[in-house]
Structures are given as C-alpha cells and as structure tokens.
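Report on the following structure.
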Amino acid sequence: MSERNHYYPDWDDSVYGTGPTEPPKSRGALLALLLILIIFLCGIVTMLSLLNIRLFRELKTDRQEHQELAISFTTEPSEEPTEQTLPTEQASAAMAASLPNATMNLQAAPKGIDNIPEGGGMALQDIYTLNIPSVVSITCQSSRGSSSGTGVVLTADGYIVTNAHVVENAQIISVQLTDDRSFAARLVGCDTVSDLAVLRIDCNDLTPAQFGDSSTLRVGDTVVAIGDPLGAAFRGTYTNGIVSAINRDVDMNGRTMTLIQTNAALNSGNSGGPLINCYGQVIGINTMKIGTFTDDAGVEGLGFAIPSTQVKEIVDQIVAQGYVSGRPSIGFTGEALSTFYQHYYRMPAGLYITEVEPGSDAAKKGIQEGDMLLYLGDTRVTSTQDLKTALYDSEAGDVVEVIVYRNGQQYKLELTLSEDVPNYG
C-alpha cells in the first residue's frame with residue numbers, strides 16, 4: 001500500500017545532484033559602489049584641472065607684471081603697446097634690441113704696491129723673486145709608498161738641505177727644480193736628532209740660497225716661507241708672517257728641539273723649505289707645525305723652523321764627513337715584534353734584535369740576533385722610536401744599562417756607546 005501512495009517515476013532515482021545550496025548573491029550593491037567611486041574621482045580631477053588653470057593664469061599675469069617692471073626699469077619709455085602680440089622668440093629679440101649696451105668696462109689696474117717692512121728691507125715680491133730659484137721639490141719612494149717635501153739649494157754644484165724625516169728610509173729620491181728639470185738625488189747624510197739631511201744631484205748651475213744669522217732675530221720680525229704644501233701640485237707656494245717666538249723648546253718624537261716659532265702658514269710638504277727674513281736671507285729650515293703631531297683640532301699659526309745657526313753646524317759636518325760627530329750608536333738594530341708573534345712565541349714586548357754590529361761593545365758582551373731588548377736605562381723599549389728617544393740625551397762613550405731577554409731569561413748588561421758612523425752607500 002505504501003508503494004501505491006509513494007509512486008516515483010522511472011527517471012527519479014531519489015538522489016539530488018550536487019550544486020549550490022544557497023541562492024545566488026546579488027551584485028547590484030558592488031556595482032553601485034564602484035559607480036559612486038568613479039563619479040567621485042572624476043569630480044576631484046575636474047576640480048584640480050580648474051584650480052591648475054586658475055593658478056596658471058595668475059602666474060602668467062604675475063610674470064607679465066614683473067616683466068613689465070623689469071622693462072620699465074632698464075629701457076626708455078616707449079610708445080603705447082598694441083593689442084597684437086609677438087611670438088616668444090620674436091619678443092625676446094625685440095626686447096634684446098630695445099635694451100641699452102650692457103658691457104662691462106675694465107679699467108687699467110696699477111701694479112701692486114710693494115709691501116716693504118717698516119725700517120727697511122726688501123719688498124715681499126722681490127724676496128720671492130730672489131729665493132724661488134733656490135727652492136726645490138723633493139719626492140721620495142719607499143717600501144711604504146711615496147712622500148714629498150721641499151729643499152733649499154746650498155751650493156751651485158748640487159748640494160741641497162732638507163729635513164731628515166722627508167728622506168728617511170727613502171729608496172729613490174727625486175729633485176725637481178723651479179725650471180722643471182728633474183734629477184735623481186743621492187743621500188749624503190742624515191741626522192735624525194736635528195731633523196736635517198743633505199742631498200746631492202748631478203748639476204753645476206744651481207742658484208744657492210743666501211743664509212742669514214738667525215741669532216739676530218727678534219719677536220715680531222717679518223718672515224716668509226716658500227714650499228710645497230700638500231705636495232708638488234702646490235709647489236712654490238709663498239706665505240708670510242712674523243717671528244712669533246725664538247728659542248722655543250718643542251718636543252718632537254720624544255726629543256726636545258730649540259726652534260723658531262712663526263705664524264707663516266706651514267703645511268705638510270713645507271718640510272725642508274726656507275724661512276726667510278725681510279732681507280731675503282734664509283734664517284731657518286721649516287720642520288713642523290703644531291697640529292701634525294697633536295690631536296688638537298683647529299690649531300693654526302703655530303709653525304716651527306730650525307735656526308740657521310744650527311743648520312750650519314749640522315750641514316757642515318754632513319757635507320764634510322757624511323755624519324754628525326758624537327751621535328751615539330748602541331751597536332745593534334732591531335724591529336718591533338707584533339702582538340701575534342709575541343703570543344705565538346711566548347715572548348715579552350720589546351725590540352727584536354735583527355742585526356748586531358761586528359766589533360761593537362754589544363757584540364763583545366754577547367748580544368745576538370733574536371734577543372729582545374726590553375729596557376735601555378729607565379726607558380721601556382718596544383719600538384725603534386723608543387730606542388732613538390732613549391739615546392737622544394746620550395753621547396758616544398757613555399755607558400748605559402740594558403735589559404735583554406733570551407730563552408725565558410732576562411739579562412742585565414752595561415754597554416759603552418760608540419759613535420754612529422752610517423754608511424749610505
């Protein structure tokens with residue numbers, strides 16, 4: 001009976017096919033929102049366009065007003081303008097034609113007035129003319145790179161004086177004259193204590209500088225300097241100033257030097273150049289400035305030169321014998337040992353001895369290559385500069401006490417210093 005009450009056609013298998021179970025969503029709201037957004041953006045673009053046109057008109061009007069103001073300022077009154085306007089290029093040509101002749105006139109300039117110090121002396125221009133042929137540019141090449149400085153001609157046959165720190169450790173030295181001739185230079189002698197060195201080039205027509213007696217200088221005297229600040233690119237630079245102080249004791253790399261202080265501008269590259277008095281005489285060799293050897297910022301006007309009286313004493317000995325008598329030698333040379341090798345070989349900080357001079361007292365006392373110098377007197381030695389500093393106040397023949405390290409042991413010895421007679425080859 002149930003079959004009669006629930007009759008299913010043959011095609012109805014009582015199974016519903018898969019498909020969406022929810023009615024389709026209406027997209028009318030989304031389309032309406034997009035339409036509103038498009039209308040809003042179009043409105044903004046239209047407003048900006050109108051604003052831009054208005055600003056352009058105002059700018060054009062303002063520009064025309066300024067143009068009219070400029071024209072009325074630079075030209076004579078003209079006829080009433082017509083309503084017809086000219087193209088831009090034609091307008092520019094017409095404006096240029098209407099302007100007066102705007103040319104700059106150069107008046108004849110007189111020569112500079114000679115700057116002559118009160119009480120006599122030479123004009124600064126004449127001092128430069130007199131001395132520039134005697135100033136040379138020095139360029140050095142070493143294993144560490146290149147360096148430059150200045151020199152002063154001593155003699156017509158090729159002797160030149162400069163600073164020791166300019167040529168120290170140089171393998172190749174070149175000298176350029178003011179007439180642009182260049183020569184290879186030979187080191188005659190070098191004295192690090194006075195920071196002076198003498199070179200020689202193969203030339204016989206040099207112009208020697210005139211040296212004056214620096215002992216007559218007074219504070220306030222006019223002086224000038226010639227040199228190559230920052231290298232040969234600025235060679236022959238001329239600066240002036242006064243003597244700021246005399247007999248000024250200055251510490252330089254651990255030694256005290258008695259120098260002339262000046263406010264004439266000196267920079268790196270001026271080293272070895274002349275300091276000249278108002279009579280055109282070289283009264284000092286420029287050596288350094290404060291700021292190069294300190295960490296202070298903004299230090300200006302503190303330059304120093306070696307007095308000519310000291311220069312003569314040192315240079316005469318170097319030219320005659322290649323060295324300065326009485327300079328002490330400890331009898332060996334060495335080099336600083338890096339921290340890595342100190343830890344690797346378990347050695348203390350010190351000066352690693354690389355060569356012992358045969359016949360020296362150090363060799364006689366048994367010092368060997370590979371030993372470490374720890375102390376010279378009361379000075380702790382860890383570098384060659386420490387050794388030089390410890391020897392500055394000593395002379396040949398002095399007896400000094402040293403402490404040497406070898407194979408885990410320290411030895412105290414007394415050494416007699418000999419005279420340092422370098423061989424420059």
Cut-off 3.5 Å, side chains only: do D195 and T287 have a donor facing an acceptor?
yes
CE of M372 to CD1 of I367: how many Å apart, nearest 0.5 Å?
13.0 Å
side-chain contact (heavy atoms from CB on, under 4.5 Å) between I260 and S214, worked out
CA-CA 9 Å; I260 302 167; S214 59; 4.3 Å; yes
Do you know the tightest heavy-atom contact between N270 and I226?
ND2-C, 4.1 Å
Under 6.0 Å from the CG atom of D179, do we count more than 12 heavy atoms belonging to anything else shown?
yes
For a side-chain contact (heavy atoms from CB on, under 4.5 Å) check, start with the C-alpha distance between L206 and T155, then their side-chain angles and the critical distance, and finish with the verdict.
CA-CA 7 Å; L206 300 181; T155 65; over 6 Å; no
In this structure, are over 12 heavy atoms from other groups packed under 6.0 Å from D398 atom CG?
yes
Going from OH on Y279 to CE on M122, what distance comes out if it is rounded to the nearest 0.5 angstrom?
11.0 Å
Is any side-chain heavy atom of T207 closer than 4.5 Å to a side-chain heavy atom of V153?
no
Could you tell me whether a side-chain N or O of Q310 sits under 3.5 Å from a main-chain N or O of T258, the two making a donor and an acceptor?
yes
Under a 4.0 Å threshold between the charged nitrogen and the carboxylate oxygen, would K312 count as salt-bridged to D213?
no
What I'd like to find out is whether the side chain of I285 reaches to under 4.5 Å of the side chain of V152, using heavy atoms alone.
yes
Distance to the ring centre below 6.0 angstrom and angle to the axis at most 45 degrees; does that hold for R248 and F304?
no
Looking at every non-hydrogen atom in both residues, tell me the closest pair between G236 and D228 and how far apart they are.
N-OD1, 3.1 Å
Determine whether Y159 and V198 make a side-chain contact, defined as any pair of heavy atoms from C-beta on separated by less than 4.5 Å.
yes
Of L275, T150, I306, which meets side chain to side chain contact (heavy atoms under 4.5 Å, CB included) against N286?
L275
Decide yes or no on side-chain contact (heavy atoms from CB on, under 4.5 Å) for R235 and Q176, but give the supporting numbers first.
CA-CA 10 Å; R235 67 190 181 108; Q176 186 177 15; 3.6 Å; yes
What I want to find out is whether R186 reaches D202 closely enough, with some N-O distance under 4.0 Å, to be called a salt bridge.
no
Can you confirm whether D205 is buried at CG, in the sense that more than 12 heavy atoms of other residues, nucleotides or ligands lie under 6.0 Å from that atom?
yes
To the nearest 0.5 Å, how far apart are CZ in R181 and CZ in F183?
4.5 Å
Close side-chain approach of V282 to N131, heavy-atom, < 4.5 Å:
yes
Has Q342 got a side-chain atom pairing as donor or acceptor with L337's backbone, closer than 3.5 angstrom?
yes
To the nearest 0.5 Å, what is the distance between SG on C190 and CG on L196?
9.0 Å
Indicate yes or no: at least one non-hydrogen side-chain atom of T333 is less than 4.5 angstrom from one of L387.
no
With no hydrogens and no angle check, is any side-chain donor or acceptor of S308 less than 3.5 Å from a backbone partner on V311?
no
Take atom CD in Q141; do more than 12 heavy atoms of anything else shown fall under 6.0 Å from it?
yes
Residues 221-265 vs ring pair (Phe, Tyr, Trp, His ring centres under 6.0 Å), sequence neighbours excluded, gives Y128-Y238
Under 3.5 Å: donor-acceptor pair, side chain of N163, backbone of G272
yes
Is there a donor-acceptor contact under 3.5 Å from the side chain of Y405 to the main chain of G408?
yes
Just checking Y392: does its OH atom have more than 12 heavy atoms from other residues, nucleotides or ligands closer to it than 6.0 angstrom?
yes
Distance from I246 atom CD1 to R218 atom CZ, nearest 0.5 Å?
10.0 Å
Approximate separation, where rounding is to 0.5 Å, of Q261 CD and L302 CG:
5.0 Å
Test side-chain contact (heavy atoms from CB on, under 4.5 Å) on D221 and N277 and set out the steps.
CA-CA 8 Å; D221 284 353; N277 65 13; over 6 Å; no
Under 4.0 Å between a Lys/Arg side-chain N and an Asp/Glu carboxylate O for K388 and E168?
yes
Looking only at heavy atoms, the pair that brings P328 and S394 closest together is CG-O, 3.5 Å
Pairwise side chain to side chain donor-acceptor pair (under 3.5 Å) hits with a residue in residues 345-369, at least two apart
D361-K365
If I compare all heavy atoms of L415 with all of F332, which pair ends up nearest, and what's the gap?
CD1-CE2, 4.2 Å
Does a side-chain N-to-carboxylate-O contact under 4.0 Å join D191 and R327?
yes
Exam field: side chain Q281 to backbone I283, donor-acceptor pair closer than 3.5 Å
no
Minimum heavy-atom distance between T384 and G334, given as atom pair plus value:
CG2-O, 3.2 Å
L177 side chain near I201 side chain, heavy-atom distance below 4.5 Å
yes
Less than 3.5 Å apart, any donor N or O on the side chain of D249 or T256 sitting next to an acceptor on the other?
no
Would you say the side chain of V324 lies within less than 4.5 Å of the side chain of E313, judging by non-hydrogen atoms?
no
Compare every heavy atom of L374 with every heavy atom of G350, then report the nearest pair and how far apart it is.
CA-CD2, 4.2 Å
Using side-chain heavy atoms (C-beta onward) and a distance below 4.5 Å, is I314 in contact with D316?
no
